Amino acid sequence: MSLDADQVRRVAELARLAVDDAELPVYAQELSSILNMVDQLQSANTEGVEPMAHPLNMVQRLRADAVTEKPDREAFQALAPQAEGGHYLVPRVIE
Amino acid sequence: MSYPGWEVVIGLEVHVQLKTQSKIFSGAATTYGAEANRQACAIDLGFPGVLPVLNQQAVEMAVKFGLAVDAQIAERCVFARKHYFYPDLPKGYQISQYELPIVAHGHLDISTDGGETSKRIRILRAHLEEDAGKSVHEGFEAASGIDLNRAGTPLIEVVSEPDLRSAGEAVAYLKKLHSLVRYLEICDGNMQEGSFRCDANVSVRPVGQEELGTRTETKNLYSFRFVEKAIEFEIERQIDVLESGGSVDQETRLFDPDKGETRTMRSKEEAMDYRYFPDPDLLPVVCDGAFVSSIRDVLPELPEARRTRFMASFGLPAYDADALVAERDLAAYFEALVAALGEDNAKLAANWCLGELTASLNEHNLDVAASAVTPDALAGLLKRVLDNTVSGKIAKDVFAAMWAGEDDADSVIEARGLKQITDSGAIETLVDQVIADSPAQVEQYRSGKDKVFGYFVGQVMKLSKGKANPGEVNRLLKSKL
C-alpha cells in the first residue's frame, strides 16, 4: 500500500502539521514504506488470536473515587501564554 | 404531528454526566459552579508526562446502567483516543471508547398512547468517556476564555438504535432515560447545568421505502422542549427539501433556541476524521462475573418494575403509575402515604400525589424531598376525608394551610372550624332557608326544569361555607322539593 501526496497533505491537516509542498513526496515515500511493513505483518495468520489493545498483558487498576488534587491555578496559569479572570485565553472561537 | 406519505427515523445520542466526586482519570473535584479552573489539575490540563488512572466509581455506574437496560456488559473493554482540535480539549484528543464499549445491546421500553401500549427502543451501546471544558465568549476582548473545570468529568454516552418514529417518541424515550439514571443515582439529571444532554439524528423516507434517508445530526439540545422543537423543525425542513426536488445533506446542525430552528454547523466535507486508536496510557478494563454480580445485587427496584407493581398491587391506572414512578422520590412519597392509609385507598393517595402535592411543588419549584407537607401529615389529612370530617374540596384548603406552615390537619380543621356538617338537623335548617328564599327557582324546578337543582345545592353549600356534607344536602333537597 502506498500514500500519495494528497493523502499526506490531508493527514498533516488533521494533525495540524505544517508540511511544505516540496516535502510531501518525501513523507509519502517514507510513510508508504511503514505501511508496507504493516502489510507484511497482515500476511501472518492471526486466526483465533485476540486483538491486542496494549503491549502489557495486564489489566487496568482502578482508583477509589476520592478528591485528592487541589489544583494550584495560579501556578498553572503562570505557564500559560495568556490568562484573565481565572480563564485561559485563546484567540476568539465562535461556532 | 403527522406527515402524510413520510416516515420519520430518529436515533438519539445522550451524554449522561456521572455523579462521581472526582474526575474519571484524575483526583480533581467535579463540583458544579466552582470558580474557573480551580478544579482543573495537571491531568485535566493535559500536561506532558501525566498518566490517567481510571475511577472505579465511574466504571461501576456504567455497569449499573448497563444492567438496568438489560444490556451486555463487556468482560473486557478498551479506551481509545478520539482526536480533534478545540481550545476546550487541551490534550488534542478525548479519551473515549470505540470498538469495545463497556455496555452494548440493551433496550428501554417507552409508553405510548397515554401509557396503554409500550414500545421497545433498542440501545446500541453506552461507552465511558471524559467531558471537555467550556469556552466563554463574553467578557473578553477579541478572545475566548477557557474554563477546564468540566474537563475530565465522567460521562456515559448512550446511543440508541434508529427506532424512534416521532418527536413525541424521542421525548418519551429521553424522559424514561432521564428518570432511570436518577433512579440509579448515577446522574443528577440537571439539564440546565448540562448533566444530561442530547444530540438527535433525524432522517425521513417515503412510507414503504426500505433504505434510510440521509440523516442530519442536531446538537445543543438541553431541554425536553428543545429536543421536541428541534426534531419537528428538522423533519419539516427535510420534507420540504425533498418535496421540492432537492436532497438532504449529511451534516451536523445546531439548534438555536431563540429562533426555534436548526442551522448548519459542519457540512460533510468538513466532517471530522477522529483517527481513533487504543489509548496506550490505559490498559484494558476487565469486568468479571463477580464484579458485575456485586453491582447487580445492589440495584434498586427500577421504574418499570415499580410501575407494574403499582398497577398490580394497588389497581392504579397506567397513566397514574407512569406519572408516580417517573421520579423516585415521588414514588417513595406515594408508597409512604399508602402505607399510612391502607392499600384500599391507593387511588386517593395517587390523586393527591399527582394533584395538590405536585402542583404545590411545581409552584414553589421544590423537589419532592423538600415538600412542606410530609407523607405522614398528608395521611393525617386524608384520613379526615375518608371519615367524612371534611370534604375533598375543604381538604384542599387545609392542605394549603399545612403547606404554609400551620399545624397538622386536625388542628387546622379545629382552629378554622372546617369540620363538615353531617348533622341532618343543622343541614335541614339551611335547606329550608334556601327553599324559602328562592320561590322563583322552586317554581322552575317543580315545573320540570331539573337543572335548577344544582342551584339549590350551590346555595346550601355556600350558606354552610362549604362544610355541609354534600350527600346529605342532596338527599334533603330531593325530599323537600
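Here the structure is a predicted model, which means the values were calculated and not measured. Every chain is numbered from 1, with letters handed out A, B, ... down the list of sequences.
- Taken from CG in B:N55 to CZ in A:R63, the straight-line distance is 4.5 Å, to the nearest 0.5 Å.
- Looking at heavy atoms from C-beta onward, B:I146 lies out of side-chain contact with A:L89 at the 4.5 angstrom threshold.
- No hydrogens or angles considered: a donor-acceptor pair under 3.5 Å links the side chains of B:S22 and A:D65.
- Contact check on A:E69 versus B:K23 returns no salt bridge, with no Lys/Arg side-chain nitrogen under 4.0 Å from an Asp/Glu carboxylate oxygen.
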Check the pair B:D273, A:R10 against side chain to side chain contact (heavy atoms under 4.5 Å, CB included), reporting the backbone distance first and the verdict last. CA-CA 10 Å; B:D273 177 345; A:R10 171 81 179 136; 4.0 Å; yes

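- The shortest side-chain heavy-atom distance between B:V53 and A:R61 does not fall under the 4.5 Å cut-off.
- For a residue to count as touching a neighbouring chain, one of its non-hydrogen atoms must lie under 4.5 Å from one of that chain's; by this rule A:Q77 touches chain B with the side chain only.
- Residues A:P71 and B:A40 approach most closely at CB-O, 3.2 Å, considering heavy atoms.
- Both the backbone and the side chain of B:L54 come within less than 4.5 Å of a heavy atom of chain A.
- Rounding to the nearest 0.5 Å places CG of B:L148 at 9.5 Å from NE2 of A:H87.
- A:N57 CG: 12 or fewer foreign heavy atoms inside a 6.0 Å radius.
- Proximity to chain A involves both the backbone and the side chain of B:T20, based on heavy atoms less than 4.5 angstrom apart.
- Proximity to chain B is limited to the side chain of A:E50, based on heavy atoms less than 4.5 angstrom apart.
- Looking only at heavy-atom pairs under 4.5 Å with chain A, the residue among B:G92, B:P278, B:A142 that has the most is B:A142.
- When all heavy atoms are compared, the tightest approach of A:H54 to B:D279 is CD2-O, 4.4 Å.
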Apply side chain to side chain contact (heavy atoms under 4.5 Å, CB included) to B:F47 and A:L79, showing your working. CA-CA 11 Å; B:F47 269 59; A:L79 303 169; 3.6 Å; yes

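- Heavy-atom contacts from other residues, nucleotides or ligands closer than 6.0 Å to CD of B:E75 number 12 or fewer.
- Between chain A and the residues B:H83, B:Q57, B:Q56, the largest count of heavy-atom pairs under 4.5 Å involves B:Q56.
- B:V285 touches chain A through backbone and side chain together, each having a heavy atom under 4.5 Å away.
- In the displayed structure, B:Y98 atom OH is contacted under 6.0 Å by at most 12 heavy atoms of other residues, nucleotides or ligands.
- Remark: B:E141 does not engage A:R92 in a salt bridge, criterion side-chain N to carboxylate O under 4.0 Å.
- Residues A:L14 and B:Y84 are not in side-chain contact: their nearest non-hydrogen atoms beyond the backbone lie 4.5 Å or more apart.
- In this structure, CG on B:D147 lies 10.0 Å from OH on A:Y88, to the nearest 0.5 angstrom.
- Contacts between A:A83 and chain B at a heavy-atom distance below 4.5 Å are absent for every atom of the residue.
- In the displayed structure, A:Y27 atom OH is contacted under 6.0 Å by at most 12 heavy atoms of other residues, nucleotides or ligands.
- Chosen from A:P55, A:A15, A:A64, the residue pairing most often with chain B at heavy-atom distances under 4.5 Å is A:A15.
- B:Y86 is listed as a side-chain neighbour of A:V93, based on a closest heavy-atom distance under 4.5 Å.
- Counted within 6.0 Å of CD on B:E99, heavy atoms from surrounding residues, nucleotides or ligands total 12 or fewer; the atom is thus considered open.
- Ranked by heavy-atom pairs under 4.5 Å with chain A, the list B:F25, B:F85, B:F277, B:F79 is led by B:F85.
- Of the inter-residue distances, the one linking A:F76 atom CZ with B:N37 atom CG reads 10.0 Å to the nearest 0.5 angstrom.
- For B:R296, the CZ atom counts as loosely surrounded, since its 6.0 Å shell holds 12 or fewer non-hydrogen atoms of other residues, nucleotides or ligands.
- Considering only heavy-atom pairs separated by less than 4.5 Å from chain A, the leading option among B:A80, B:A28, B:S26, B:G133 is B:S26.
- Neither the backbone nor the side chain of B:E60 has a heavy atom closer than 4.5 Å to any heavy atom of chain A.
- Remark: A:Q60 CD to B:L282 CG distance equals 5.0 Å, nearest 0.5 Å.
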